Each structure stands twice: as C-alpha cells, then as structure tokens.
Student: 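Before we start, here is the structure in question, set down as structure tokens.
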Amino acid sequence: MAALLELTGAMLLVVGAFFLLLGGLGLVRMPDLFNRIQAGTKTTTLGTVLSLLGVALMEPQWGWKLLLIALFILFTNPISAQVLARSAHRTGEAKSCKTVVDRLEEDQQA
Amino acid sequence: MVELLLSLAALLIGVALLFALYRFVRGPSPADRVVAFDVMTIIAVTAIALIALLEGRGIYLDVALVYALLSFLGVIVIARYLERGL
Amino acid sequence: MTKARQAGPLFGALLLVWILLHGSLQWQVVVVGVVVAAMIALLFSGAATPLHGFRRTQAGLRAAFGYLGYFFVELVRANLKLAVIILSPSLPIRPGIVKVRTRLTNPVARLLLANSITLTPGTLSVALEGEWLYVHWVTVVSDEVEEATAEIVAGFERYLEVMYG
C-alpha cells in the first residue's frame with residue numbers, strides 16, 4: 001500500500017514537472033506578453049499543485065503545509081498575472097500581429 | 001522505479017527553469033522579464049519541495065512558502081512600478 | 001459586537017492558516033493561534049477574506065462544492081488545451097481582448113470570478129471596470145459581448161451568484 005502511494009506520488013510529480021516544462025516552453029514560443037502570461041500562469045499553477053500533491057502522497061505527514069502552499073499559489077498566481085497584464089496594457093505593451101481585436105483599447109480611446 | 005521517476009521530475013524542472021531563464025534574459029520588454037521571473041519562482045517552489053522530499057527535511061517547505069510569498073509581493077510591486085512609478 | 005462579527009471571517013481564515021502551518025492540533029498551538037488571530041482580526045477588521053459575504057446556507061455550501069469541482073475540471077481542461085497549442089509546431093493562436101459582462105456585485109465574488117477566468121481555458125482577465133470585464137483570449141471565438149459572456153463568464157457566475165448572492 002505504501003509502495004503504491006509512493007509510486008503514484010512520484011508519477012504525479014513527473015506529470016506536474018511536465019506541465020512546468022510546458023509553461024517554460026510556452027514562455028519561449030508565445031509571440032507577445034499576454035500570451036506568455038497565459039502560458040506561464042495556467043501551466044505553472046496546475047504543475048505546482050500536482051507536484052505538491054505528489055510530494056504529499058510520498059510524505060503524508062507534510063500534507064497540511066503542502067496544502068497551505070498549494071492554496072496560496074492557487075490564489076496569488078492568477079492575481080499577479082492579472083495585475084501584470086493590466087499594467088502592461090496601460091503602458092502600451094506591444095501586441096502580437098496575430099491579435100484580432102482589442103476592445104479595451106477601443107473603449108479607452110472612445 | 002520511484003528513484004527513476006524523481007530523477008526525471010528533477011530533470012524536467014531543470015529544463016523548465018532554463019526555458020524561463022531564456023525569456024528572462026531575452027526580454028524584450030521589462031514586463032516579459034517579470035513574467036519570466038514569476039514563472040521561475042513558482043518553478044523554484046516546486047523544486048524546493050522536491051529537494052525537501054529527497055533530503056527528507058520538512059523544514060525546507062517553510063522556505064518554499066516564504067519564497068512563494070515574496071515572489072507574489074515582488075511581482076505586484078514591480079507591476080505597480082511599471083505602471084506609474086513608485 | 002458588530003466589529004466582532006465583522007472580524008469573524010478574518011479570524012477563521014487566520015486560524016486556519018496558523019493550524020495548517022503547524023500541521024497539528026495540540027492545545028498549545030491552538031491557544032496561541034486563537035489569541036494571535038483574534039488580535040489581528042480585531043485590528044484589521046476591514047480586510048476582506050474569501051468568507052466575506054459568503055451565504056452560509058445549505059444552497060451556498062452546495063454551490064461552493066459545485067464551484068470547486070467545476071473549477072478543477074476547467075483548470076485541467078485549460079492546461080490540456082494550452083499544451084496542445086504550445087506543442088503544435090504552427091502555434092495555432094488567434095489572440096484578442098474581448099469585453100464581457102458580469103452581474104456580480106460582491107467584491108470577493110468578483111475577485112474569484114476574475115481569478116477563475118484567468119485559470120480557465122485560454123482566457124486571462126486584464127481589467128475589471130464596473131460590470132465590464134476585459135478578457136484576453138488566446139483563441140477568440142467571438143468578440144460579441146453576449147456570446148463571449150456565455151462562453152467565458154456564465155459557467156462560474158452560476159455558482160458564484162448562489163454563493164455570494
């Protein structure tokens with residue numbers, strides 16, 4: 001039973017680390033800041049939560065502290081992404097040429 | 001088997017850090033660097049948890065928690081600074 | 001009395017964080033936690049916590065669990081979708097900032113909505129002004145307000161409306 005938990009935990013860690021890797025790759029590949037924020041925020045949030053769950057399965061006595069870290073990241077990661085996106089938009093951050101529409105800019109000019 | 005999986009996870013985390021570091025160095029805008037910094041710290045939190053696991057030291061998790069806290073505050077402060085100065 | 005009632009949710013949240021941090025329910029830990037949490041909660045009784053304005057009824061609780069389940073399913077979907085985009089060589093994105101409407105007025109509910117949108121498939125909240133929410137979308141499906149609202153906001157709003165009524 002303990003061995004099975006340990007194996008599941010290690011697998012979750014690998015899956016989480018894979019999502020973190022995707023986040024890094026997204027940062028490199030995406031064409032502009034807003035898409036990079038999207039790639040960076042979502043993948044790292046899930047990746048970290050999965051990895052911490054994996055660690056919790058392998059060391060159950062750390063469960064509460066890991067839960068606290070996971071909750072904190074679930075709350076603050078999107079907030080920092082939004083604050084950064086808003087300030088970048090206000091300062092006129094360049095957008096990718098693929099961008100099809102920007103209602104915020106239209107409304108601000110109106 | 002478990003050892004192998006943990007090594008694989010450590011490798012993936014290391015490569016992810018390198019990707020984020022590339023964006024941090026390349027930029028081009030300050031905001032891009034802040035995003036890269038944010039991603040790097042979140043990856044580092046996972047890395048610290050993994051190190052705690054490998055070393056068997058629960059106390060390292062406190063480091064991860066404080067690091068997550070500081071990263072959040074840092075990004076908020078830098079975003080405000082970019083928007084209208086301190 | 002009203003001040004104590006206002007401080008209640010903050011007290012609960014602080015005590016929870018304290019106990020999670022210690023990971024034990026020994027009486028010394030709990031007593032110190034209660035004292036410190038009560039002092040901070042009374043000093044900063046104006047601070048918001050996720051419990052402010054939460055409707056403490058059975059319907060509210062059921063909606064909270066529904067919200068959590070829906071949120072995690074959406075989080076996983078968001079990541080799989082993004083993984084497909086990042087890993088495909090042609091990088092199939094069609095980014096844009098669209099405008100959506102929200103009916104929520106409770107500040108905590110609006111924060112949770114913006115956060116949830118940021119963590120769900122392809123969307124990132126950029127600005128929140130009054131009832132208008134500007135959302136960056138990696139793959140713009142529609143830039144009509146009503147259609148985009150149905151696509152992005154409706155799923156979460158359904159639960160948050162019941163939770164924070």
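Here is how names work: the chains are called A, B, and so on, in the same order as the sequence lines, proteins then strands, and each is numbered from 1. Everything quoted here is computed from the prediction, not taken from an experiment.
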Student: At a 4.5 Å cut-off on heavy atoms, which part of B:Val45 comes close to chain A: side chain, backbone, both, or neither?
Tutor: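 Side chain only.
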Student: Can you say whether B:Ile78 sits under 4.5 Å from chain A via the side chain, the backbone, both, or neither, judging by heavy atoms?
Tutor: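 Contact with chain A is absent: no heavy atom of B:Ile78 under 4.5 Å.
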Student: With a 4.5 Å heavy-atom cut-off, do B:Phe19 and A:Leu27 have their side chains touching?
Tutor: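 Counting from C-beta outward, B:Phe19 and A:Leu27 never come under 4.5 Å.
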Student: Using a 4.5 angstrom heavy-atom cutoff, name the option from B:Gly14, B:Gly58, B:Ala49 with the most pairs to chain A.
Tutor: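 Among B:Gly14, B:Gly58, B:Ala49, the one with the most close pairs to chain A is B:Gly58.
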Student: Go through it in stages, so that I can follow the logic: the residues are B:Val39 and A:Arg36, the test is side-chain contact (heavy atoms from CB on, under 4.5 Å), and I'd like the CA-CA distance, side-chain angles, deciding distance and then a yes or no.
Tutor: CA-CA 10 Å; B:Val39 169; A:Arg36 284 179 198 139; over 6 Å; no
Student: Determine the option with the most heavy-atom pairs under 4.5 angstrom with chain A, choosing from B:Leu17, B:Val15, B:Leu69, B:Leu21.
Tutor: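 The residue among B:Leu17, B:Val15, B:Leu69, B:Leu21 with the greatest pair count is B:Leu69.
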Student: Report the distance from atom CG of A:Leu68 to atom CG of B:Asp62, rounding to the nearest 0.5 Å.
Tutor: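 The CG atom of B:Asp62 is 9.5 Å from CG of A:Leu68, to the nearest 0.5 Å.
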Student: Is A:Gln61 atom CD crowded by more than 12 heavy atoms from other residues, nucleotides or ligands, each under 6.0 Å away?
Tutor: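 Above 12, so yes.
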Student: Which heavy atom of A:Ala17 sits nearest a heavy atom of B:Ala9, and at what distance?
Tutor: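 Nearest pair, atom of A:Ala17 first, then B:Ala9: CB-O, 3.6 Å.
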Student: Quick one: are B:Leu6 and A:Met58 in side-chain contact, heavy atoms under 4.5 Å?
Tutor: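 Counting from C-beta outward, B:Leu6 and A:Met58 do come under 4.5 Å.
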Student: Testing B:Leu5, B:Leu12, B:Leu8, B:Leu53 for side-chain contact (heavy atoms from CB on, under 4.5 Å) with A:Leu13, which one passes?
Tutor: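 Looking at B:Leu5, B:Leu12, B:Leu8, B:Leu53, the match for A:Leu13 under the side-chain contact (heavy atoms from CB on, under 4.5 Å) is B:Leu53.
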Student: Can you measure from CE (A:Met11) to CE (B:Met1) and round to the nearest 0.5 angstrom?
Tutor: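 Separation between the atoms: 5.0 Å.
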Student: Could you tell me if the side chain of B:Leu50 sits less than 4.5 Å from the side chain of A:Val55, heavy atoms only?
Tutor: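 They are not in side-chain contact.
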Student: In terms of heavy-atom pairs under 4.5 Å, which option from B:Ala16, B:Gly56, B:Ala20 contacts chain A the most?
Tutor: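 Maximum pair count with chain A is reached by B:Ala16.
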Student: Looking at side-chain heavy atoms only, is the closest gap between A:Arg90 and B:Leu82 below 4.5 Å?
Tutor: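 Counting from C-beta outward, A:Arg90 and B:Leu82 never come under 4.5 Å.
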Student: With chain B, which of A:Thr91, A:Leu52, A:Leu25, A:Thr45 has the greatest number of heavy-atom pairs at distances under 4.5 Å?
Tutor: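 It is A:Leu25.
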Student: Between CZ of B:Phe72 and CZ of A:Phe72, what distance do you get to the nearest 0.5 Å?
Tutor: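 So the CZ of B:Phe72 and the CZ of A:Phe72 are separated by 6.5 Å.
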Student: Quickly, which of B:Ile76, B:Asp38, B:Val34 forms a side-chain contact (heavy atoms from CB on, under 4.5 Å) with A:Leu84? Name it, please.
Tutor: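 Exactly one pass, corresponding to B:Val34.
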Student: How long is the straight-line distance from CG of A:Leu33 back to CZ of B:Arg23, given to the nearest 0.5 Å?
Tutor: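 Answer for the CZ-CG pair, B:Arg23 versus A:Leu33, is 9.5 Å.
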Student: Just give me the residue among A:Thr44, A:Val28, A:Ile73, A:Leu22 that pairs up with chain B most often, heavy atom to heavy atom, under 4.5 Å.
Tutor: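 Of A:Thr44, A:Val28, A:Ile73, A:Leu22, A:Val28 has the most heavy-atom pairs under 4.5 Å with chain B.
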Student: Hey, what do you get for CG (B:Leu61) to CD (A:Glu59), rounding to the nearest 0.5 Å?
Tutor: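 B:Leu61 atom CG to A:Glu59 atom CD measures 9.0 Å (nearest 0.5 Å).
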Student: Using a cut-off of under 4.5 Å for heavy-atom pairs, which of A:Leu20, A:Thr76, A:Val83 has the most such pairs with chain B?
Tutor: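 The answer is A:Thr76.
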Student: Would you mind checking which part of B:Ala10 comes under 4.5 Å of any heavy atom in chain A, side chain (CB onward), backbone (N, CA, C, O), both or neither?
Tutor: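 When you check distances to chain A, no heavy atom of B:Ala10 falls under 4.5 Å.
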